[in-house]
Number of protein chains: 2
Amino acid sequence: MNDFMSLALVQANLALKNGEIPVGAVIVDPIEKVVLASSGNRVISDSDPTAHAEILVIRETAKVLGSYKLEGLDIYVTLEPCAMCASAISISRLRKLVFGAYDPKTGAVDHGPKIFSQKTTHHKPEVIGGVRERESSVYLRDFFRLMRS
Amino acid sequence: MNDFMSLALVQANLALKNGEIPVGAVIVDPIEKVVLASSGNRVISDSDPTAHAEILVIRETAKVLGSYKLEGLDIYVTLEPCAMCASAISISRLRKLVFGAYDPKTGAVDHGPKIFSQKTTHHKPEVIGGVRERESSVYLRDFFRLMRS
């Protein structure tokens with residue numbers, strides 16, 4: 001599990017270097033233990049408000065597999081997903097979500113709309129939060145420090 | 001307002017003909033009264049679980065304008081947006097959301113997580129629901145009838 005989060009952290013660091021909010025994500029096949037897609041945020045570089053790391057890896061994986069159903073696959077992301085991304089994780093039927101830092105401001109898994117606790121959310125993945133939380137937070141702290149400087 | 005919803009309904013009808021869930025959306029500049037993007041759902045044809053009509057027009061408009069902020073623009077959609085799309089509407093800072101049919105099953109504006117009523121949703125658009133509701137519903141009824149046949 002740590003190895004996959006390491007890859008997500010690499011993507012978060014690359015996003016930081018590109019001036020993006022440093023969040024990274026990977027989608028993996030837990031049986032074959034292979035990574036199907038990895039990305040950091042690309043909102044600014046792609047001029048796309050939906051280009052959060054999670055959305056990008058979901059789209060990429062669906063394209064690679066030629067299917068809009070990602071059943072049996074897991075997503076690792078360095079930050080608690082927002083409502084858009086949590087909902088996309090449900091819609092794409094990912095099996096498991098592992099995330100790093102908790103995000104009380106815009107997170108939507110343990111905070112705010114708590115997407116996976118809603119009766120109207122039909123598919124609910126297994127969720128593990130707080131994995132390598134400190135490292136994920138360091139990138140975000142550095143980013144917001146840079147923004148203020 | 002009716003004219004823009006007519007265009008969204010045309011897109012919903014095209015989606016129906018393509019075997020997609022019949023939802024259509026357009027993004028317009030309310031001052032210039034021009035349409036910047038229009039699309040129906042393309043989840044199946046694009047093999048993309050995030051390819052809801054709203055996400056597609058948001059991405060297209062951001063690309064056209066070269067900006068991830070869609071301030072001052074309005075979105076018309078034939079169905080109450082789901083949590084992914086409602087959150088994307090907030091993230092992209094659209095000014096106003098006009099939607100057709102209410103969706104108690106997966107809608108996330110007046111139902112479920114009620115995205116725009118959450119304290120953690122920072123930008124909240126003006127919302128008008130139920131516009132030409134009957135026509136939007138007819139397409140959806142026809143689709144689910146076809147699915148069962």
Side-chain angles (χ1 to χ4, degrees), chain A residues 20-21 27 41-52 54-71 73 80-94 103-123, chain B residues 20-21 27 41-52 54-71 73 80-94 103-123:
Chain A
E20 301 274 358
I21 294 179
I27 287 181
N41 272 1
R42 290 205 310 256
V43 169
I44 299 164
S45 42
D46 286 5
S47 295
D48 179 356
T50 73
H52 287 191
E54 301 94 311
I55 298 289
L56 294 171
V57 292
I58 286 171
R59 295 183 64 219
E60 178 65 20
T61 304
K63 195 175 158 190
V64 166
L65 300 180
S67 168
Y68 61 91
K69 296 179 190 172
L70 308 185
E71 285 157 342
L73 304 179
E80 180 184 349
C82 73
M84 174 178 73
C85 294
S87 180
I89 287 166
S90 169
I91 288 170
S92 58
R93 305 182 207 183
L94 286 160
D103 182 5
K105 277 196 179 169
T106 54
V109 177
D110 282 79
H111 300 92
K114 297 183 179 177
I115 295 296
F116 305 132
S117 305
Q118 296 288 339
K119 276 184 194 167
T120 52
T121 299
H122 306 298
H123 172 78
Chain B
E20 301 275 358
I21 294 179
I27 288 181
N41 272 359
R42 289 206 310 255
V43 169
I44 299 164
S45 42
D46 286 5
S47 294
D48 179 357
T50 73
H52 288 191
E54 301 94 312
I55 298 289
L56 294 171
V57 292
I58 286 171
R59 296 183 65 220
E60 178 66 19
T61 304
K63 196 175 158 190
V64 166
L65 300 180
S67 169
Y68 61 91
K69 296 178 189 172
L70 308 184
E71 285 156 344
L73 304 179
E80 179 184 348
C82 73
M84 174 178 73
C85 294
S87 179
I89 287 166
S90 170
I91 288 169
S92 57
R93 305 182 206 181
L94 285 159
D103 182 3
K105 278 196 179 169
T106 54
V109 177
D110 282 80
H111 301 92
K114 296 183 180 177
I115 295 296
F116 305 131
S117 304
Q118 296 289 339
K119 278 185 194 167
T120 52
T121 299
H122 306 297
H123 172 78

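Every chain is numbered from 1 and lettered A, B, ... according to where its sequence line falls, protein lines coming before strand lines.
The parts of B:Ile44 that come within reach of chain A are both its backbone and its side chain, each placing non-hydrogen atoms under 4.5 angstrom from that chain. Contacts between A:Lys63 and chain B at a heavy-atom distance below 4.5 Å involve the backbone alone (N, CA, C, O). For a residue to count as touching a neighbouring chain, one of its non-hydrogen atoms must lie under 4.5 Å from one of that chain's; by this rule A:His122 touches chain B with the side chain only. Contacts between B:His111 and chain A at a heavy-atom distance below 4.5 Å are absent for every atom of the residue. For chain B, the nearby part of A:Ser67 is the backbone; its heavy atoms alone come within less than 4.5 Å. If you measure heavy-atom distances from A:Leu65 to chain B, you find no contacts under 4.5 Å at all.
Taken to the nearest 0.5 Å, the CD atom of A:Gln118 stands 12.5 Å off from the OG1 atom of B:Thr106.
Among all heavy-atom pairs drawn from B:Asp48 and A:Ala62, the shortest one is CA-CB, 4.4 Å. The two residues A:Pro113 and B:Thr120 come nearest to each other via the heavy atoms CD-OG1, 3.7 Å. Residue A:Ile91 comes nearest to B:Met84 through the heavy atom pair CD1-CE, 3.9 Å, listed as atom of the first residue, atom of the second, then distance. Residues A:Cys82 and B:Ser87 come closest through the heavy atom pair SG-OG, 4.5 Å.
Looking at B:Thr50 and A:Leu56, their side chains never come closer than 4.5 Å, going by heavy atoms from C-beta outward.
When each of B:Thr61, B:Ile58, B:Leu94 is checked for a side chain to side chain contact (heavy atoms under 4.5 Å, CB included) with A:Pro49, only B:Ile58 meets the rule.
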